[in-house]
Structure formats: structure tokens, C-alpha cells
Amino acid sequence: MIRSPLGLRLDPARPIRDQIRGAARVGARGMVFDAAGELGPSALTETGRRELRHILRSVELELIAISLPTRRPFDTLDQLEDRLRRADSAFALAYDLGTRLALARVGALPPAEDAERRAAFATALTELGKRADHRGIRFAIESGTEPGASLAGFLDELAMPSLAVSLDPSGLLRQGIDPVAAARELDVRLAHAYANDAASSSRTFTAVNPRGMGFPPGALDWEEYLGALEEINYRGYLTIWPETDREPLAQFTRMADRLRRF
């Protein structure tokens, strides 16, 4: 039986408050939302923050993490200070709303032979880690572009406990990377994990499933994935991230029913 509680990542294009109440109704224990639009740091006033905290308490949902929207990778120092300021505002929002975790896509890890880009990437991540630590939270990089071992080695070089990883099996499978191996390789660096694959996605896959011929493109080896999380003693949430073109609560219910078999 899985020990991790189930969460739901909200769709920023749908009414947020309706989604919160709906998530509680279908059995979610927590949620993740994007710090943008009406829930952006500059838009969410102190009154709005109090209201959001009240809504979450009233439906007994925990805020697992907030996601920081990013349009560009962090492999360049161009306009870095402005981007760091926006991240810092999101970190402050996370702490204010009661979560100690912020997630973001930061771009692919530059190869070692591209020393300039890799150094810029290291500088940016170090600054993000420092600012997250100052705000009392952890900053988790959303996986999906490189194997777990590569990302783990890079984080070991930076040696910042405030930097962690959020594991996205669907994104890894789209790149032909094994999420099961990634979970084991990331180990204690794993601060958040999604419960989703890409088998039902409408996107076309070019990568062969890394688990072998027994698994179609995008399909996750659920038993091994959950077993790997158990091996590394992961006790965080398993967040279901619905496809944006389908009804999220129905997707959550289907995935929750599937996970109950484990």
C-alpha cells in the first residue's frame, strides 16, 4: 500500500477556488498551484492570502508547493537579477501561505563542455538556493530533461541543502529517461514527486520506453516506481498533474483508483 498522500496540481486556466473545493471533494489531501495570474505574488494581497489560507483550512487541504512560472532557462546571466527578484517574491508567497516548497522548470543542465553556460546555470541555481533558504523554504527543480544521476551530481557540486528536485515521470518518459532509476539516483534530494505517466497523452512520442519492450511509449512501470520511492524512504506527496485538455477532477479520480491497487 502506498504511504504517500495524494495531491492535485491545479489548472491555472480554470477557476481556482472551484478547483480547490473540487479537489477536496474527490479525496485529494493537498494541492500545487502556479504563482501567476490571480495567485501571483503581486496580485494576491494580504487579504487574498488570508482568504486562501482560510479556504484551504475549511476543506482540510494542505498547500504542497507553489510553482514558479518560468519562460526562459537559467543558463544565462542576462536579466538574472530581475528574474531572481520575481523568484524571491514567489518564495515569500510560499512561506506566507504555509508551504515550505517552491517548484520551477529551470531548463536543461548544460553539458560540461559548455563551460560558460554551465557556470551561469550554477550561479543562477546557487542564488535561487540562497534566496529560498533566506525565505525558509526549499527550491525544487522540476525534472524532465536529464537522468537523475546527472542532476544529482550537479546538486552535489553546489552543496546547497535548500536545492532539491521534483520528479516528473511523464516528462522523463518523453525524453526516454527511466523515472524508476531517477528516483533511486536522486534519493534524499527528492522533495516532491508526481504520480503521472504519459501513456494517455495526445502527443506523439519519438523516445522508446526506457523500461523495455513490455511498456508502450509514455507508460510508467507503476509498481517499480512506487517501490523505488519506498526504497528511498520518500514520504512526501504524490501529486497528480492532469492533462490540460481534459477534466482534471475526473483524471484525479481515475488515477487515485489506480493507485489504490498498490
Side-chain angles (χ1 to χ4, degrees), residues 2 4 6-14 19 23 26 28 31-34 64-65 67 69-70 73 103-109 140-152 165-187 189-232 234 236-262:
I2 63 170
S4 295
L6 297 182
L8 175 66
R9 179 154 175 165
L10 306 188
D11 182 349
R14 296 171 183 262
Q19 288 187 83
V26 296
M31 67 166 198
V32 175
F33 72 78
D34 287 41
I64 303 166
S67 175
T70 54
L103 319 174
R105 296 193 183 280
V106 296
L109 174 64
I141 301 165
E142 297 270 32
S143 70
T145 53
E146 55 273 315
S150 300
L151 193 51
V165 179
S166 171
L167 184 59
D168 176 14
S170 177
L172 291 173
L173 286 164
R174 289 187 176 101
Q175 299 296 321
I177 300 170
D178 187 0
V180 176
R184 293 188 174 113
E185 291 159 356
L186 290 166
D187 200 0
R189 306 165 195 82
L190 194 60
H192 176 253
Y194 289 102
N196 59 294
D197 63 8
S200 61
S201 173
S202 58
R203 302 180 190 181
T204 301
F205 290 91
T206 57
V208 175
N209 194 305
R211 298 301 289 175
M213 297 301 294
F215 294 89
L220 180 62
D221 186 341
W222 285 99
E223 187 170 0
E224 286 294 315
Y225 177 62
L226 296 172
L229 294 177
E230 184 72 20
E231 286 174 26
I232 65 172
Y234 176 74
Y237 276 83
L238 282 171
T239 300
I240 295 168
W241 191 351
E243 295 282 339
T244 56
D245 59 346
R246 297 171 187 169
E247 212 290 315
L249 298 183
Q251 290 183 71
F252 177 90
T253 300
R254 285 194 296 272
M255 185 59 72
D257 289 343
R258 183 176 189 176
L259 289 169
R260 287 189 187 101
R261 298 203 296 267
F262 298 96

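The shown structure was predicted, so the numbers you read here are calculated from the model rather than taken from an experiment.
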Find the distance between CG (Leu8) and CD (Gln19) and round it off to the nearest 0.5 Å.
-> 7.0 Å
Taking it one step at a time, do Asp34 and Leu10 satisfy side-chain contact (heavy atoms from CB on, under 4.5 Å)?
-> CA-CA 8 Å; Asp34 287 41; Leu10 306 188; over 6 Å; no
Any ion pair linking Glu142 and Arg9 (charged N to carboxylate O, less than 4.0 Å)?
-> yes
Closest heavy-atom contact between Leu167 and Ala182?
-> CD1-CB, 4.0 Å
For the pair Glu223 and Arg261, find out whether any cationic side-chain nitrogen is under 4.0 Å from an anionic carboxylate oxygen.
-> no
Looking at side-chain heavy atoms only, is the closest gap between Val106 and Thr70 below 4.5 Å?
-> no
Under 3.5 Å donor-acceptor, Ser170 side chain and Asn196 backbone | no
Are Arg174 and Asp197 ion-paired here, with the side-chain N under 4.0 Å from a carboxylate O?
-> no
What distance do Glu185 atom CD and Leu190 atom CG have between them, rounded to the nearest 0.5 Å?
-> 12.0 Å
Which atom pair, heavy atoms only, marks the closest approach of Tyr225 to Ala193?
-> OH-CB, 3.6 Å
Should Arg260 and Asp257 count as an ion pair when the cut-off is N to O under 4.0 Å?
-> yes
Do Ser143 and Leu172 have side chains that get closer than 4.5 Å, going by heavy atoms?
-> yes
Are any non-hydrogen side-chain atoms of Gln175 and Glu146 less than 4.5 angstrom apart?
-> no
Taking all atoms of both residues into account, what is the closest heavy-atom pair of Leu220 and Pro179, and its distance?
-> CD1-CG, 3.8 Å
Going by heavy atoms in the side chains, are Leu238 and Leu229 under 4.5 Å from each other?
-> yes
CA sep, side-chain torsions, deciding dist, call: Thr239, Leu6, side-chain contact (heavy atoms from CB on, under 4.5 Å) = CA-CA 6 Å; Thr239 300; Leu6 297 182; over 6 Å; no
Can you find a heavy atom in the side chain of Leu226 that is under 4.5 Å from one in the side chain of Tyr234?
-> no
Salt bridge (charged side-chain N to carboxylate O under 4.0 Å, His left out) assessment of Arg184 paired with Glu224 = CA-CA 11 Å; Arg184 293 188 174 113; Glu224 286 294 315; 3.4 Å; yes
Compare all side-chain heavy atoms of Arg105 with those of Asp168 and state whether any distance is below 4.5 angstrom.
-> yes
Taking every non-hydrogen atom, the tightest pair across Gly7 and Ile64 = CA-CD1, 3.8 Å
Less than 4.5 Å apart, any side-chain heavy atom of Trp241 and any of Met255?
-> no
Tyr194 vs Ile240, side-chain contact (heavy atoms from CB on, under 4.5 Å): CA-CA, chis, key distance, verdict = CA-CA 6 Å; Tyr194 289 102; Ile240 295 168; over 6 Å; no
Heavy-atom side-chain contact between Ile141 and Ser166 under 4.5 Å | no
For Arg14 and Asp11, indicate whether the former's side chain and the latter's backbone hold a donor-acceptor pair under 3.5 Å.
-> no
Rounded to the nearest 0.5 Å, how far does CG of Asp178 lie from CZ of Phe215?
-> 9.5 Å
With side-chain contact (heavy atoms from CB on, under 4.5 Å) as the test, would you mind laying out the steps for Leu103 and Val32 before giving the verdict?
-> CA-CA 9 Å; Leu103 319 174; Val32 175; 4.1 Å; yes
Examine distances only and state if a side-chain atom of Glu243 and a backbone atom of Arg246 form a donor-acceptor pair shorter than 3.5 Å.
-> no
